[in-house]
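Here the structure is a predicted model, which means the values were calculated and not measured. Computed over heavy atoms, backbone and side chain alike; hydrogens, waters and symmetry mates excluded.
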Amino acid sequence: MYDLLIIGGGINGAGIARDAVGRGLKVLLCEKDDLASHTSSASTKLIHGGLRYLEYYDFALVRKALLEREVLLQMAPHIIWPMRFILPHTKGLRPAWLLRLGLFLYDHIGGRKLLPPTTTLRRSSTHKLDALHDNLSLAFEYSDCWVDDARLVVLNAADAAQRGATIHTQTECINLARSNTHWDADLRKADGTVEQIQCKAVVNAAGPWVETMASRANKDLGDKAKVRLVKGSHIIINRHFEGEESFFFQNADGRIIFAIPYENNNFTLIGTTDLMFEGDKESVQISDDEIQYLCNSANEYFKKPIHPTDVVATYSGVRPLYDDKADNASAVTRDYILSYDNEDGAPILSIFGGKITTYRKLAEDCITILNNDFKNIGNSWTGTAPLPGGDIKNAHFDMFFEELRTMYPWLKTEVLHRLSRCYGTNIHQILEGKKSVDALGTHYGHGLYHSEVEYLLNHEFAKSADDILSRRTKLGLYFTDGEKQTLEQAFAKMTLG
């Protein structure tokens with residue numbers, strides 16, 4: 001019998017699995033698709049406090065997120081790194097003094113130690129505003145962090161597995177039956193077979209499907225715990241501006257968007273929208289109106305116009321927020337709500353909302369709530385333990401990368417850099433002992449070799465070419481349809497073999 005069945009392989013489920021197994025619990029996580037295949041890979045990919053939440057006086061959430069920002073930066077310096085954001089002042093919108101006051105709070109309420117503080121930029125003394133319209137002469141530059149969101153999920157799951165958790169992807173929980181002492185769960189695998197397991201407690205981390213899973217457990221969440229689905233969409237265009245800084249733009253409608261250097265600054269990522277969603281959660285796609293909205297919003301700031309025809313890729317996701325009855329989708333709280341019930345037998349804990357930045361704290365809070373259901377549960381531990389590949393000396397990625405260049409001089413710098421960002425110190429499991437590119441095996445294109453594919457199959461739960469190209473890496477932005485098909489065929493042979 002398992003102690004915990006965790007339903008959902010997004011960031012919350014993976015984070016809880018890692019925390020729980022590290023405290024001595026026997027854990028099984030099931031995900032009906034791939035890890036991070038829905039909401040958790042459709043974020044704006046930021047580890048941040050949420051500057052705009054200050055306007056809603058959500059100081060507690062901002063502080064919690066800012067405190068976590070540097071904890072996560074230390075845990076995974078290969079997939080999380082500092083980024084500077086430029087917030088231009090626009091006449092007719094929020095006044096400059098208000099922006100500066102908000103950034104002062106942002107700098108000071110979260111215990112910032114590693115990241116540089118806010119500075120003021122004036123067009124007359126910097127080139128950082130060159131991409132913007134000439135009337136934008138004043139801006140503020142502040143710090144936050146970038147994250148490879150899907151890899152954050154995968155690394156949490158991989159660490160959980162290394163510590164003894166069972167991770168089942170392509171496995172859907174189709175039924176839950178409750179008794180006084182345990183749950184009986186039916187788990188349907190991709191081939192249609194059904195496995196029956198027992199567990200002492202259930203964590204419902206199904207994201208947009210949290211209410212669906214509650215109904216399968218015959219659990220009425222009541223009016224106090226309801227999910228509100230908010231759709232967020234992003235567009236990707238070829239690099240639109242020079243420099244490594246990102247932009248934070250205010251819109252006249254009160255919304256904000258980001259324009260962020262993406263994939264080694266080969267592209268620019270622009271988003272996000274905020275729309276109430278009532279469609280098919282299995283197929284969430286950007287609309288033409290959203291694309292036009294993001295282009296128009298960016299064009300209010302950039303000199304060089306962006307047209308819908310410039311878009312090379314898009315992605316959309318549905319955020320399962322706690323329904324706090326706010327009228328405006330942008331005003332709905334991003335904090336998490338944990339709904340615990342043990343009145344009718346074995347406990348079930350359902351999760352609403354949350355931000356990728358606060359996933360680790362959410363996991364700790366979940367285990368605290370479940371503490372009375374288990375004996376001799378261990379203490380919290382994840383705040384100082386690096387994620388796989390994150391044990392980089394002093395969390396100094398640049399120094400680590402220079403050491404790799406010395407160790408593997410035969411590999412192209414851009415390929416080595418991508419691998420080091422993806423895998424950190426685990427890169428040695430792919431490259432160690434090899435003396436040439438030929439030793440990496442078949443080259444599928446754009447720096448993806450057979451050795452990496454094997455690693456992803458054996459260590460990171462990859463089960464298809466799409467798992468690799470869309471989530472374990474972002475190489476799908478470069479692969480042609482023919483190259484994708486070749487990789488899929490090779491992958492199928494590997495899994496059958």
Side-chain angles (χ1 to χ4, degrees), residues 18 45-48 68-84 112-116 143-163 243-246 260-266 356-357 360 381-437 439-440 446-449 451-456 458-460 468 471-475:
R18 178 181 185 245
K45 311 186 191 311
L46 301 179
I47 297 295
H48 66 141
E68 277 298 286
R69 187 177 61 180
E70 294 194 5
V71 172
L72 298 181
L73 180 59
Q74 295 283 83
M75 284 170 49
H78 52 321
I79 62 166
I80 301 172
W81 58 88
M83 183 172 279
R84 295 289 278 174
R112 177 188 53 81
K113 296 178 181 178
L114 301 176
L115 301 174
S143 294
D144 263 322
C145 292
W146 170 264
V147 62
D148 186 327
D149 51 6
R151 290 207 57 74
L152 183 66
V153 178
V154 170
L155 294 184
N156 272 273
D159 198 35
Q162 289 170 15
R163 297 174 187 275
E244 298 179 352
E245 296 83 13
S246 296
I260 302 172
Y262 190 56
E263 286 302 293
N264 204 29
N265 213 353
N266 291 321
I356 197 167
T357 305
R360 194 194 65 83
W381 62 278
T382 58
T384 56
L387 286 168
D391 53 335
I392 294 171
K393 186 177 180 180
N394 299 323
H396 198 308
F397 178 83
D398 290 341
M399 187 177 297
F400 166 69
F401 180 64
E402 289 305 314
E403 293 173 356
L404 292 178
R405 293 181 66 180
T406 301
M407 296 177 68
Y408 305 110
W410 46 268
L411 190 57
K412 288 183 178 179
T413 299
E414 58 268 27
V415 176
L416 183 64
H417 189 268
R418 181 186 66 79
L419 292 174
S420 61
R421 275 298 186 197
C422 282
Y423 307 108
T425 57
N426 283 356
I427 192 175
H428 302 301
Q429 296 185 41
I430 299 172
L431 300 182
E432 197 166 40
K434 297 176 174 63
K435 303 297 183 181
S436 69
V437 172
L440 296 176
H446 311 282
L448 180 68
Y449 292 87
S451 292
E452 182 180 0
V453 173
E454 277 191 321
Y455 176 85
L456 293 171
N458 295 327
H459 299 283
E460 293 197 0
I468 292 176
R471 287 172 290 279
R472 306 308 185 280
T473 75
K474 297 296 186 292
L475 291 175

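- Of the possible donor and acceptor atoms, one in the side chain of Asn458 sits under 3.5 Å from a partner among the backbone N and O of Glu454.
- Residues Leu114 and Pro82 are not in side-chain contact: their nearest non-hydrogen atoms beyond the backbone lie 4.5 Å or more apart.
- A distance-only check finds a donor-acceptor pair linking the side chain of Glu70 to the backbone of Lys113 [under 3.5 Å].
- A distance of 9.5 Å separates CZ of Phe401 from CZ of Arg421, quoted to the nearest 0.5 Å.
- Side-chain atoms of Leu431 and Met407, non-hydrogen and from C-beta on, never get closer than 4.5 Å to each other.
- For the atom pair Asn156 CG and Arg18 CZ, the distance stands at 5.5 Å (nearest 0.5 Å).
- You'll find the side chain of Tyr262 reaches within 4.5 Å of the side chain of Trp146, heavy atoms only.
- Looking at every heavy atom in both residues, Phe397 comes nearest to Ser420 through CZ-OG, 3.4 Å.
- Taking every heavy atom of both residues into account, His48 and Thr357 meet most closely at N-OG1, 3.1 Å.
- With rounding to the nearest 0.5 Å, the separation of SG in Cys145 from NZ in Lys45 is 16.0 Å.
- Looking at heavy atoms from C-beta onward, His459 lies out of side-chain contact with Asn426 at the 4.5 angstrom threshold.
- Between the OH atom of Tyr423 and the CD atom of Glu452 there is a distance of 3.5 Å, given to the nearest 0.5 Å.
- Closest approach of Gly447 to Arg418, counting heavy atoms only: O-NH2, 3.1 Å.
- The one candidate from Leu387, Leu46, Ile47, Asp148 that meets the side chain to side chain contact (heavy atoms under 4.5 Å, CB included) condition with Ile80 is Ile47.
- Between Met399 and Lys393 the shortest side-chain heavy-atom distance does not fall below 4.5 Å.
- Ring-plane geometry between Tyr408 and His428 is classed as tilted, the angle between the planes lying from 30 to 60 degrees on a 0 to 90 degree scale.
- Within the 4.5 Å cutoff, the side chain of Lys434 has heavy atoms near those of the Leu440 side chain.
- Nearest heavy atoms, Met75 versus Ala385: CG-O, 3.7 Å.
- Minimum heavy-atom separation, Pro116 to Ser143: O-OG, 2.7 Å.
- With hydrogens and angles disregarded, a donor-acceptor distance shorter than 3.5 Å links the side chain of Asn265 to the backbone of Gly243.
- When side chains are defined from C-beta on, Leu155 counts as touching Glu460, because their heavy atoms get closer than 4.5 Å.
- Side-chain contact between Tyr449 and Val437 is present, with at least one heavy-atom pair separated by less than 4.5 Å.
- Taking both residues in full, the closest heavy atoms of Pro77 and Gly390 are given as CD-O, 3.5 Å, listed atom of the first, atom of the second, then distance.
- Atom-to-atom distance recorded for Leu411:CG and Arg405:CZ is 11.5 Å, nearest 0.5 angstrom.
- Checking Ile392, Asp391, Leu419 one by one against His78, the side chain to side chain contact (heavy atoms under 4.5 Å, CB included) holds for a single residue, Ile392.
- In this structure, Arg151 CZ and Arg471 CZ are separated by 12.5 Å, a value rounded to the nearest 0.5 Å.
- Proximity of a side-chain donor or acceptor of Thr473 to a complementary backbone N or O of Ile468 within less than 3.5 Å is detected.
- Side-chain polar atoms of Ser246 and Arg84 form no donor-acceptor pair below 3.5 angstrom.
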